[in-house]
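A quick write-up on the structure given underneath.
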Amino acid sequence: MSEFSAEFSKNLRAAGVVGAGGAGFPSYVKAQGKAEYALVNAAECEPLLKKDQKILERWPEKVFDGLDLLMGAVGASRGVLGIKRKHEKLIPRLKEIAKSRRNVSVLEMGDYYPAGDEQCLVYEAAGRVVPPGGIPLDVGCVVSNVETLYNAAFAPRPVTETFVTVNGGVKRPATFRVPVGVTWRECVERFCGGFTVKDPAYIDGGPMMGKVRTDFDLPLVKASGGIIVLPKDHPLIVKKAQGRPTFTRIGRSACDQCSYCTEFCPRYLLGHNVQPHRVMRTMLFSSGTEGHKLNSRYGLLCCECSLCSLYSCPEGLNPREACVAAKADLREAKIGFKNSGLDTGRKPEVHPVREFRKVPVSKLVRRLGLEDYNKDAPWTDETYRPSKVRILMAQHIGMPCLPAVKEGQRVEKGAVVGDVPADKLGCPVHASISGAVSRVNEKYVEITA
Ligand code: SF4
Ligand code: SF4
């Protein structure tokens with residue numbers, strides 16, 4: 001590792017920078033790799049979320065600064081920012097900045113889902129297919145999200161705020177920046193004028209890959225990207241909240257093995273052996289039987305994009321959840337891709353019709369029943385000073401933090417309130433406001449202003 005890479009990676013860890021695209025992978029680890037391409041994932045393909053677009057409208061230079069640093073750390077000779085061409089007002093400015101940076105370009109992509117899947121972006125930007133079970137670094141690429149690079153540009157300044165969009169059933173959909181640890185309820189009330197739907201639920205992280213929740217008092221974390229508020233009985237909420245007994249019972253009786261779920265699967269189209277229609281066959285077998293295990297393997301490389309469940313299946317079934325359940329069963333049986341019998345070691349071949357099976361987001365929004373909720377969520381500059389925040393100890397992939405403060409202690413904004421041992425995967429979390437530590441437990445540190 002070069003001296004620059006070691007320094008940058010140290011700064012990222014100290015700042016607590018994690019992937020802000022939802023996964024929360026600690027960024028310092030990526031900065032320690034070697035890659036030819038550094039890619040900015042600005043595709044933001046989850047319908048109704050806008051925060052990356054708004055960051056790029058306001059602070060494009062900072063995002064390119066973060067990219068420059070990442071390129072320097074991993075030794076990349078090319079930097080590419082991938083963004084949908086529908087942002088035609090923003091793209092000329094991005095291209096102008098890219099021209100002023102060394103070896104950086106802007107890639108315009110169509111408005112389809114999932115353009116932001118990192119393996120799809122790697123293929124579009126570098127023409128390389130990540131090997132099955134592999135990561136972008138295996139083909140000389142490192143991928144970072146817009147907000148992550150924005151935060152990286154300021155490292156070692158601690159990450160104490162997060163950018164989010166609140167859209168759907170609220171009076172004024174909006175995109176804004178708030179201290180980590182405030183609640184979604186505060187966001188809705190303070191920035192969006194309250195709910196417009198009775199009995200609201202929400203999808204945390206976007207309609208496709210996000211999770212259904214009903215508790216608006218949950219605190220935001222560094223990787224929070226936004227929520228879509230919907231009535232609890234909206235078909236999307238009902239479908240996404242289906243439990244295993246329900247999707248198994250319905251799937252067992254209604255799946256006709258048409259294989260549309262497989263034919264549209266973005267990873268299958270990249271040449272990976274993901275076949276959700278075969279995973280659906282597991283419903284005919286009991287969990288743990290040979291028939292169950294043999295077919296479950298075809299879900300191991302599923303990236304959980306939800307396209308099969310929320311778009312492709314003409315019967316409205318839930319192959320995505322079948323894949324998620326299959327992966328869990330195989331994990332328990334200690335079967336991963338490498339020992340599944342599917343790892344042939346052959347180079348994946350991209351499907352010849354991949355280009356024509358990209359799913360337009362406009363069509364997807366209609367299919368999801370979100371047309372009435374698909375509004376702009378303009379940026380609001382308002383600053384929010386909460387009286388209390390809860391900083392969760394588990395905010396990223398890796399080991400959860402251990403509290404580093406005691407009840408009654410005074411902390412300043414930016415102070416470390418939780419950390420992981422240096423030899424473990426993870427990074428610190430910081431106070432997002434100044435105040436007194438009012439509660440400490442293994443789940444969170446509460447600070448009262
Ligand atoms: S698309 Fe639906 S019905 Fe067809 S195989 Fe997949 S799960 Fe079964
Ligand atoms: S969720 Fe469905 S479409 Fe998406 S990767 Fe998994 S199997 Fe393929």
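Order of appearance sets the numbers: ligands from 1, and atoms from 1 within every ligand.
Every atom of ligand 1 is numbered from 1 in the order shown, and the set under 4.0 Å from a heavy atom of Ser259 is 4 (Fe), 5 (S). Atoms of ligand 1 found under 4.0 Å from any heavy atom of His277, numbered from 1 in the order shown, are 5 (S). Taking every heavy atom of Cys255 and a limit of under 4.0 angstrom, the matching atoms of ligand 1 come to 3 (S), 5 (S), 7 (S), 8 (Fe). In summary, the atoms of ligand 1 found under 4.0 Å from a heavy atom of Cys313, numbered by their order in the structure, are 1 (S), 2 (Fe), 3 (S), 7 (S).
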Given side-chain contact (heavy atoms from CB on, under 4.5 Å), test Lys232 with Val238 step by step and report yes or no.
-> CA-CA 7 Å; Lys232 249 186 213 152; Val238 174; over 6 Å; no
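Contact analysis leaves Pro319 out of contact with ligand 2, as no non-hydrogen atom separation drops below 4.0 angstrom. Look at Gly251 and you'll find every heavy atom at least 4.0 Å from all atoms of ligand 1. Residue-ligand proximity: Ser312 is placed with every non-hydrogen atom at 4.0 Å or more from ligand 2.
In Cys302, the parts holding a heavy atom less than 4.0 Å from any atom of ligand 2 are both the side chain and the backbone.
For atom 3 (S) of ligand 1, the closest non-hydrogen atom on the protein side is Asp256 OD1, 3.3 Å. Protein heavy atom in closest approach to atom 7 (S) of ligand 1: Met280 CG, 3.6 Å. Remark: minimum distance from atom 4 (Fe) of ligand 1 to any protein heavy atom is reached at Cys258 SG, 2.3 Å.
Atom 2 (Fe) of ligand 2 lies under 2.8 Å from an N, O or S atom belonging to Cys308.
Using a cutoff of 4.0 Å between basic side-chain nitrogens and carboxylate oxygens, Glu44 and Lys86 are not scored as salt-bridged.
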